[in-house]
Structure formats: C-alpha cells, structure tokens
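Everything on this sheet refers to the single structure shown next.
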Amino acid sequence: MDTLPVTEVDTDRISWLTWLAAARAWLFLGILFVAFEVWAQLVYRTTFLFNPFNVQSIAVFAVAPLLLALGQTLVIISGGIDLSVGFTMGFAAVVFAHCVNGTLDALGVFGSLLVGIIVALVASIVPGLINGLLIARLKVPPFIGTLGMYGVARGIAFLLAGGTTVPVRNSILAGLGNGSLFGFPIIVLVTIIIVAVMHFVLLQSRYGQHVYAIGGSRQASLRAGINVERNTIVLYVLSAVCAAIGGILYTARFSAGAAQAGEPLLLDSIAAVVIGGASLFGGSGTIIGTVIGALIIAVIQYGLVFVNVEPFWQFVAVGVVIVISVLVDQSQKRLGGGKVDEE
Amino acid sequence: MRSSPILEVRDLSKRFGGVHALEKVSLDLYGGEVLALAGDNGAGKSTLIKTISGVHKPDEGIISYDGKPVTFENPQQARDHGIETIYQDLALADNLDVGANVFLGREVMKRILGLPAVDRKRMRAEAADTLKVLDIRINRLDLPLRSLSGGQRQAVAIGRAIHWKAKVLIMDEPTAALGVPEQRKVKALVRSLKQSGVGVIFISHNLVDIFEVCDRIIVLRRGIIAGERSISNTNPDEIVRLMVGG
C-alpha cells in the first residue's frame, strides 16, 4: 500500500527561521537594552540597564499597557480586536474612584477599597458582555462593535467623572499604588500574577486551546462542536476585566480616577500584542510574547526620555518596531512553506 | 450474504421553500463498503449528506443507524453515533498540530498543580498511533498543519474520523484539491478503511476515482435517485447518461 511522503519541507531551514521569528521580540528587547546602555555610557558616562531605578520604572511604565494587552492578546488570537479597552479602563477607574470615596465613611479605609475593587470589576463586565454579544450573537464585526463601545465607554466615563479627574482620599490605596513588597512595586507584582493566570489559561486550559482553534478556523471549531459563541463572549468579558484591573491600578498609582486614563494606551496594547508575535489575522500569539512586546514599548518610551531625546521620537521608534516585527513574521511564513495570503 | 446495513435511508425528502432538494431518496450502506454518490451540481448530493450528518433535518423519511431509527439535532449528535463527515475544506485548524486537530473539541486533559490542563503530549502520541494504523507517516507531529501537504492534511482529517471510531465516513470530494500522487494515496486510504469495516460514502465528480475505489454507485438527478449500479456491472458512459438524463 502507498504511504504518504514524509514532510517535504526543509525542516532545518524552518527551525532556525521559526526560532528567529519566535525569538524576535526577545532580540528586539536585547538590542534596545544594549543600544540604550551604549548610548548612556558614551554620552552621559552612566549606566542605563544596571540602574535598578530604571528597571523598576520601566516595569511600572509597562503595567497599564500590558494589562490592556493581556485580554487583547486572547481577542486577537481568536481573530478579533478590542478597540474599547482604553475607555473601559477609564470607565473602571472612575467607577472605582467614586466607590472608594462614596463608601469611605460607611466601610472604612479597607472596606471601601474592597467594595470599590469588586464594583469596578463587575461594572467592567457590562461593556465586555455587550461587546461579546454584539460580535458573537449579532455578528457585528469586532472592529465596529468595539469601536461603538469605545465611544459609549468614553462618554459614560467622562459623564461619571463630571468631565474631570476624581481624586481618591484613601491612605491604603496610595500605599498600594506606590509601595513595594520585597523591593518590587506592588502594582508590578499584581500584574505578574495576572500575567501568570492568563498565560496558564491560554496555554494550558481547554478554553485557551479553543481560542487558538477559533482563530485558526472558525468553521473547523464549529464543526468540532466547540461553543464558539460562548467562547467569544467570554473573550471580550475577559478583555474588559483586564482593562478594569489596569484602571484600578492606575487609580491606585495616581490617587485619582480619570476617564482618559487608558486613552493613549489602546494602540500601545495592540502594538505590544503584534510585536509579541501575534498575527492580526488570528490563530497565533502568546502571553509571554505580549509581555516582551509591552516591555519593548516601555523601554523605548523610558529610554528615549533617559537619553534626553525629544519624546516624540518614541512614536517613530514604536512604529518602526511594529513594522519590522510583522515583516519578520511574514518572511518566516513565506520561506517556511506555509500559507501566505495571496498577492 | 452480508449482514444488515449499517446505515439505512428511507424515502428521505427535503424541501427549501418550494424547491425539492431531495424527493423520496433511499439508500443502504454496509460496513466495509464504499458507496459512490454521483450527480451534477445541484443534484442534491450535498443536501443528502448534510441531512445524514445532522446539518439539515429531513422533512420526511427515516434514517436508521445500526438498525435503529435516529434523528440528529446537530452534527455533533451524528458524530457521537459514529457518523463522521469530511468536508471538502477539511475543517482543520491550520495553526494547530496534528494532535490538537484530531482531538479538537474533545481535548484530553491532565492536571498541573491540581488545575486541568491540555495534555498535548498524549494527544500527539494517540494521534500518531491512529495515523500509524492508517499507514500515514508525518515526521513532525508538533508542526502546525499549514506546513503539511494537501494529502497529509486529508490524511489527518481521515485520521480524526477514524480515531473517534467512525463506522460511517462521508467524504465530500476528497481528491478534488490534490495532485495526482496524493490522490492515489487518499484512494489507498479509502481502501484500507474499507478493509477495516468502515462504510464509506464517497462523493466525487471524478468517475475515474469512483470506478477505482467504489463498490456501488448511486446517481442523483434533481433530487431523485436516477439509478443505482454495482460498479462491476456498469461503465462510465452509462453513469454519465444517468447523470445528465440522456
């Protein structure tokens, strides 16, 4: 009987290209560190990387865009996109600030904080659920559905905030937002825990496996009996909850909730996911990649300020990194004998 | 003589609005048999297999599986009974490996620190065992399917159906998108399925393929059965006449 031929593609060539593509985010990060170190040494006779303050600042810098990017990673892997995360973060920040202030007298410093966290997280489920229902049940394209929510969440966040920032008077909160535990900023530790949870969900759970399957082939997932609709709704809720955690940490850090807290972070979050190796067409991406992607953006932003370059260059640099990163991905698929979109 | 048929379809009718897609169609399928379904575009082949596999519900008629009448609310129920369908587009997730595809929607789980986790290693190993039974060799089971050839992907789709103990396998144009050497391999796979006792419904436009692998042929024309022949007692000319109604 005939047997099928073994894979004809050159596996040696694939393996180093795949390796390069998989490692590209790490390489970028390494190159950036080295470049800024050399720059700082030559021009300012000081160190960039070996200064714990710098490393810590970069980590703190990366927290908010990373939290938005975590949920976004899963959404993008499934073939969708969530444009509403920035204002869901602002909405949650404002809700959180109001709750903490409003319940301070009744529940005390600690109780009000706890209630605020719960209410903000639960409130963020609403925009996530609406996104999910629009996309999964009413078949609204994710770009449009979440763009609508971008507007709605933005408006409601500003209305709730009365058009200004909402200062929070809570002594514990300020401590959480700016304090350290074992030398690590608390908000960074919280983010690390959430990263670990999301990493496990995506890589190890059946749910995560189905997210990849839906992004790879929606049709195949449906025929395999995967509940694509429910899975998709959960994705957007998860994305909104991650954004809300970002909003809570923002409020903790600045002792104020602001509707515009996440406004500049939406594109950073998408950039982090793409730099981290995800394809906007769905089906690929990892949480670790996204973490590296978010760090790359933070290093560029912080590093350019550190070496005293006009801050506007950071937009140029992040843009260039995004494009290079996608080019590497494309060339890997082309040479690897895989399917590439028709020209 | 052979035992009773594994799949019996009696007087199946299906209408879409005023269109009679199927009109009193009956067929029997035995284990270890390859039954060809032929017909021009719009003859009702695809409606027939979708009705058997639970995508459509029949307006009239009875489907019996293993001697018992069955109704399927959805394809999952048909699959749970052992009726697997391999569509032309294969319904594979190209970004996942062979193991993940064979177990798609029915993942094997293990525990990591008490938490349920997908057991990729075991799924890969079990998928490899199934493929080995079918004499399919794929040297890198950890690569995503997009790096495999068309024939290998077809083989994975067949492997998935077999892994779940399909007794009836419906194949929609399995050789359509393949090069000649790979078509030959897929046909070899169909023969080995037949030997293992699976009943195969083989839908094809290609009469050469049909005459090569099938035992019987049913020709559909405008929703009715235009004729049924044993492959050994017919020839391509007669089949074409049945198809076009000459």
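In what follows, chains carry the letters A, B, and so on, assigned in the order in which the sequence lines appear, proteins first and then strands, with residues in each chain numbered from 1.
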Beyond-backbone contact of A:Gln204 with B:Arg120, side-chain heavy atoms, under 4.5 angstrom: yes
Pairwise side-chain contact, B:Leu96 with A:Gln209, heavy-atom cut-off 4.5 Å (strictly under): yes
Is it true that atom NZ of B:Lys132 has more than 12 heavy atoms of other residues, nucleotides or ligands lying nearer than 6.0 Å? no
Is A:Phe143 atom CZ crowded by more than 12 heavy atoms from other residues, nucleotides or ligands, each under 6.0 Å away? no
Proximal component of B:Pro75, with respect to chain A [non-hydrogen, under 4.5 Å]: neither
Tell me, for B:Gln76 versus chain A, whether the close heavy atoms (under 4.5 Å) come from the side chain, the backbone, both or neither. side chain
Taken to the nearest 0.5 Å, the spacing of A:Ile214 CD1 from B:Asn95 CG works out to 11.0 Å
Rounded to the nearest 0.5 Å, how far apart are CD of B:Glu107 and OG of A:Ser205? 9.5 Å
Return the minimal non-hydrogen interatomic distance between [X] and [Y], and the atom names on each side.
{"X": "B:Ala93", "Y": "A:Ala220", "result": "N-CB, 4.1 Å"}
{"X": "A:Ser217", "Y": "B:Leu92", "result": "CB-O, 3.4 Å"}
{"X": "A:Phe200", "Y": "B:Ala117", "result": "CZ-CB, 4.4 Å"}
{"X": "B:Leu104", "Y": "A:Ala224", "result": "O-CB, 3.5 Å"}

Main chain of A:Arg223, side chain of B:Arg79: is a donor-acceptor contact present, judged purely on distance under 3.5 Å? yes
When heavy-atom pairs shorter than 4.5 Å are enumerated against chain B, which of A:His210, A:Arg218, A:Gln219 gives the highest number? A:His210
